[in-house]
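Encoded as structure tokens, the structure appears first; notes follow it.
Treat the numbers as computed from the prediction; the structure is a model and nothing was measured.
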Number of protein chains: 4
Amino acid sequence: MLNRVVLVGRLTRDPELRFTPSGVAVANFTLAVNRTFTNQQGEREADFINCIVWRKQAENVANYLKKGSLAGVDGRVQTRSYDNNEGKRVFVTEIVAENVQFLEPKNSQRVNQGVGASNETYGGAPADGYGHSNQGGTPNANGTRSAGYANDPFSQEGSIDISDDDLPF
Amino acid sequence: MLNRVVLVGRLTRDPELRFTPSGVAVANFTLAVNRTFTNQQGEREADFINCIVWRKQAENVANYLKKGSLAGVDGRVQTRSYDNNEGKRVFVTEIVAENVQFLEPKNSQRVNQGVGASNETYGGAPADGYGHSNQGGTPNANGTRSAGYANDPFSQEGSIDISDDDLPF
Amino acid sequence: MLNRVVLVGRLTRDPELRFTPSGVAVANFTLAVNRTFTNQQGEREADFINCIVWRKQAENVANYLKKGSLAGVDGRVQTRSYDNNEGKRVFVTEIVAENVQFLEPKNSQRVNQGVGASNETYGGAPADGYGHSNQGGTPNANGTRSAGYANDPFSQEGSIDISDDDLPF
Amino acid sequence: MLNRVVLVGRLTRDPELRFTPSGVAVANFTLAVNRTFTNQQGEREADFINCIVWRKQAENVANYLKKGSLAGVDGRVQTRSYDNNEGKRVFVTEIVAENVQFLEPKNSQRVNQGVGASNETYGGAPADGYGHSNQGGTPNANGTRSAGYANDPFSQEGSIDISDDDLPF
DNA sequence: TTTT
DNA sequence: TTTT
């Protein structure tokens, strides 16, 4: 059924790049989209919209976008649920970006540094329903733009709770 | 900034019509939007997307859509937050419908009955972060044409008070 | 760059199914999309929007949609130009449908009959800049369930001026 | 019915600002939208999409966008027809922009000079099916706030007559 | 928990 | 908490 979203906004912080157990890249980011109208106090509010993007585009996002970057997203609305650490079901609505357009002028774009550019929350399962992490070893030691430890044999240590079934293709 | 969503799906239950203190109609409904692709088990999943619509369109939605109705929505993604009854901040992402299209064939459409069709949760603040309601007293005292009858047990007598040019078809 | 269109409307006539020389299916149809507002005479006008769809979806469109069918389209705006029979350059704007949703209730859907369901303008090049037809050999030998005159020995007369380069993938 | 378009692209030339006989501003511009995929020769083509925008947004477009500007458009597909100077009916498909977003970085934006910035084709009906113009005499005699200065050589003296809250940023 |  |  028809399900289409188009957004233009700015990243509220650096994107987070992770990998599924089978090595597929996923990036998460939040877009601040300023409203075109003002509220009753005359202020222009914003919507803070969570986005997720897969594979090569995920790596591009991680490498070329950072906090404050202007970006366009073409995708679809997705809902999912997971049980949080208190055993409560949490419902999530987010945008799965199928196409991300970088809208920063060329000269303002810098390739992100490997270390720290995509900051995995080490140690302990993140509370967002994704379990991907990049535990142990030398994370992204290879540096450069694309994601080395996708091939890291140690990446499976500890638990992971995302399986390939979660991939949207 | 650009923020646009278009959906086609089916209502998971009857829409809920409420009113702000100043008498503005708001309807909430959830659209089940079937995915166009299947997961790795070969099943076609759905996204359950919360929508909100205001004013005249809210009344039309409450009057002409019900559980199972096929509808299209043109709107924007909105995020907001509120403190739940445990004092915890909850973040909500929903679609503000600016235009709702009824996609049921004509003959399958019936005007909803006033009682029960749009069920305001009386007594106590709803847990969804909206406080609007139109409880007791002189509903819609502020006047205008909007729909006091939503909560009015007598509203079915005689004709309904939506004029023909309010009808979206 | 972002380029996204979503439409819901009714086919103004039966879709036309053709094939490129290499056997790729293409269907053309026009969607009448009623405006949600009225003009100064109080009339509700419509936009008549040309759409094109490729491959399996083209065959589905040809088989399951006909004049009057309600359909949704998710796609992109495309422009192209060609020289008409008076040697004048003509510019065309149309929607390339990437996803077509059938919105007719199940019971009202009938599989189109092969012959006549999708009516190729026989004899002479069509004036729309597509010359596709299904020339030579055993057209559509690969065949399967698709559209009637795909198997029409006469459809090959005249030239074809679409090459595979025109395919959007 | 649902009819929604979102585009991001660059103006192929300066926008053209005109006025209807009753003084309503209209701007036309063409957006070059680069495709996200390449053709079989490996080239990335573009679509050249005609847009039209009304009233205050038309004036903003004329004042703040020029050839090469990056802009986003949220609108709908419109078709219309007119008889050209050879008495032939011409069909036009264009995008009516309901919201235009300026995507150029702040420092790269300059207010267009009045003269030449928005170039009305004086003398003789334009061949595009719009007859509006605002020729000579008392421009914008009907009054209101709309932009006579578009054609007014003196309009640059002192301050520009767009108030700050008209600015889209 | 938010961007310019 | 989900629709056909």
Whole-Å distance between [N] [atom2] and [X] [atom1]?
| X | N | atom1 | atom2 | result |
| --- | --- | --- | --- | --- |
| B:Arg80 | E:dT2 | CZ | C1' | 18 Å |
| A:Arg10 | E:dT3 | CZ | P | 12 Å |
| C:Gln101 | F:dT4 | CD | P | 15 Å |
| B:Glu43 | F:dT2 | CD | P | 15 Å |
| B:Leu65 | F:dT4 | CG | P | 14 Å |
| B:Arg44 | F:dT2 | CZ | C1' | 18 Å |
| B:Lys88 | E:dT1 | NZ | P | 12 Å |
| B:Leu31 | F:dT4 | CG | C1' | 12 Å |

Can you figure out which of [options] approaches the side chain of [X] most closely?
| X | options | answer |
| --- | --- | --- |
| A:Lys67 | F:dT3, E:dT3, F:dT2 | E:dT3 |
| B:Phe48 | E:dT3, F:dT1, F:dT3 | F:dT3 |
| B:Thr30 | F:dT3, E:dT3, F:dT2 | F:dT2 |
| B:Asn34 | F:dT3, E:dT1, E:dT4 | F:dT3 |
| A:Thr12 | E:dT3, F:dT2, E:dT1 | E:dT3 |

Original post:
Does some side-chain heavy atom of B:Arg35 sit less than 4.5 Å from a side-chain heavy atom of B:Asp47?
Top reply: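 B:Asp47 vs B:Arg35: side chains touch.
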Subject >> Test applied, side chain to side chain contact (heavy atoms under 4.5 Å, CB included); reference residue, B:Val6; option that passes from D:Val6, D:Asn3, D:Leu2 >> reply: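 Only one of D:Val6, D:Asn3, D:Leu2 forms a side chain to side chain contact (heavy atoms under 4.5 Å, CB included) with B:Val6, namely D:Leu2.
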Original post:
Do the charged groups of B:Arg4 and B:Glu98 touch, with an N to O distance under 4.0 Å?
Top reply: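 A salt bridge links B:Arg4 with B:Glu98.
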Subject >> B:Ser69 OG to B:Glu104 CD distance, which is reported to the nearest 0.5 Å >> reply: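 Answer rounded to 0.5 Å: 5.0 Å.
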Subject >> Rounded distance [0.5 Å steps], OG1 in A:Thr36 versus CE in B:Met1 >> reply: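 Rounded to the nearest 0.5 Å, the OG1-CE separation comes to 11.0 Å.
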**OP:** Describe the nucleic acid contact of A:Gly68 in one word from base, sugar-phosphate, nothing, applying a heavy-atom distance below 4.0 Å.
**Re:**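 Here A:Gly68 touches the backbone only, sparing every base.
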